[in-house]
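Please read the structure below before turning to the comments.
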Amino acid sequence: MERISIRMGDITTVEVDAIVNAANSTLLGGAGVDGMIHWAAGSGLLEECRSIGWCPTGEARITAGYNLPARYVIHTVGPVYGVDRENAPRLLASCYENCLSLAVQHTIRTLAFPAISCGAYGYPVEEACKIALDTTISFLERNEIPEKVFFVLYSCRDYNAYWEYYATKMANG
Ligand code: AR6
């Protein structure tokens with residue numbers, strides 16, 4: 001599918017309308033991709049996040065991108081894998097769905113996702129990438145925006161898992 005791109009890299013450097021942050025419910029920053037996004041965006045991002053307050057798991061909130069190349073950051077809170085195993089797939093799917101819906105509302109034409117929940121939150125990437133790709137492809141089939149979605153993976157392991165599933169999915173139609 002031409003509207004999907006899978007690549008390796010650092011999401012803070014990607015030139016798109018919006019990047020997605022794998023945040024926690026406080027929205028006050030943390031380690032991993034969250035820490036890197038806050039570091040690259042500058043203190044304005046933390047101030048705006050503080051004014052938003054709590055974000056429940058599976059939901060998403062939008063802010064400006066400050067010093068990032070991206071105009072917006074969409075913050076979403078993935079499930080912690082070990083804690084809520086039964087609901088984890090549904091909650092992870094709603095992260096993708098809610099981020100994509102915010103993209104429609106804000107006319108975000110290009111959007112980049114990291115592998116939400118696949119770091120500190122422990123979601124196995126082989127399972128998470130299916131939810132990421134299935135949810136996104138199904139959304140794109142129903143919506144014209146975003147025009148293009150980038151999956152920006154930070155490790156070879158994540159990149160390979162995404163590619164393997166994507167290739168199989170495309171081959172099977
Ligand atoms: N660009 C793209 N992907 C990245 C980058 C980057 N610059 N840095 C890391 N990753 P994690 P989570 C990948 O732990 O599992 C934070 O402390 C990384 O390789 O960042 O959703 C939050 O505040 C991994 O595959 O997010 C929360 O408390 C993926 O991003 C908690 O961690 C997600 O790993 C959220 O945990």
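Numbering of ligands and ligand atoms starts at 1, following listing order. This structure is a prediction, so every number in the text was calculated from the model and none was measured.
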| message | Any donor-acceptor pair under 3.5 Å linking the side-chain atoms of Glu126 with those of Tyr165? | response | no

| query | Between the side chains of Ser94 and Arg90, is a donor N or O closer than 3.5 angstrom to an acceptor N or O? | reply | no

Provide, to 0.1 Å, the distance between [atom] and the closest protein heavy atom, together with that atom's residue and name.
atom	value
atom 15 (O) of ligand 1	Gly119 N, 2.8 Å
atom 22 (C) of ligand 1	Asp34 OD2, 3.5 Å
atom 33 (C) of ligand 1	Ala115 O, 3.2 Å
atom 17 (O) of ligand 1	Ala31 N, 2.8 Å
atom 31 (C) of ligand 1	Tyr121 CE2, 3.5 Å
atom 21 (O) of ligand 1	Ser117 N, 2.8 Å
atom 13 (C) of ligand 1	Tyr154 CB, 3.9 Å

Flag [X] as yes when one of its N or O atoms lies below 3.5 Å from any N or O atom of ligand 1, and as no otherwise.
X	result
Ala120	yes
Val33	yes
Ile11	yes
Met36	no
Asp10	yes

For ligand 1, is [X] a contact, meaning one of its heavy atoms is under 4.0 Å away?
X	value
Gly78	no
Gly9	yes
Thr12	no

| Going through the checks in order, is the salt bridge (charged side-chain N to carboxylate O under 4.0 Å, His left out) test met by Arg61 and Glu59? | CA-CA 7 Å; Arg61 303 285 184 267; Glu59 294 191 13; 3.0 Å; yes

| request: Hey, could you give me the SG/OH distance between Cys118 and Tyr154, rounded to the nearest 0.5 Å? | output: 15.5 Å

| Could you give the distance from OG1 (Thr107) to CG (Asp17), rounded to the nearest 0.5 Å? | 9.5 Å

Provide the closest heavy-atom pair for [X] versus [Y] in the form atom of the first, atom of the second, distance.
X	Y	value
Pro69	Thr12	CD-O, 3.3 Å
Ser5	Lys148	CB-CE, 3.8 Å
Ile131	Pro89	CD1-CA, 3.7 Å
Leu27	Cys49	O-CB, 3.1 Å
Leu133	Tyr162	CD1-O, 3.8 Å
Ile145	Arg3	N-NH2, 4.1 Å

| task | Would you please classify the geometry between the Phe113 ring and the Phe151 ring as parallel, tilted or perpendicular, with 30° and 60° separating the classes? | result | parallel

| Val125 contact mode with ligand 1 (heavy-atom cut-off under 4.0 Å) | neither

Under a 4.0 angstrom heavy-atom cut-off, which atoms of ligand 1 come close to [X]?
X	result
Gly30	17 (O), 23 (O)
Cys118	15 (O), 25 (O)
Asp158	19 (O), 25 (O)
Ala22	21 (O), 22 (C), 26 (O), 35 (C)
Gly32	20 (O)

| query | Looking at Leu102, Asn21, Asn24, which hits side chain to side chain contact (heavy atoms under 4.5 Å, CB included) with His75? | reply | Asn21

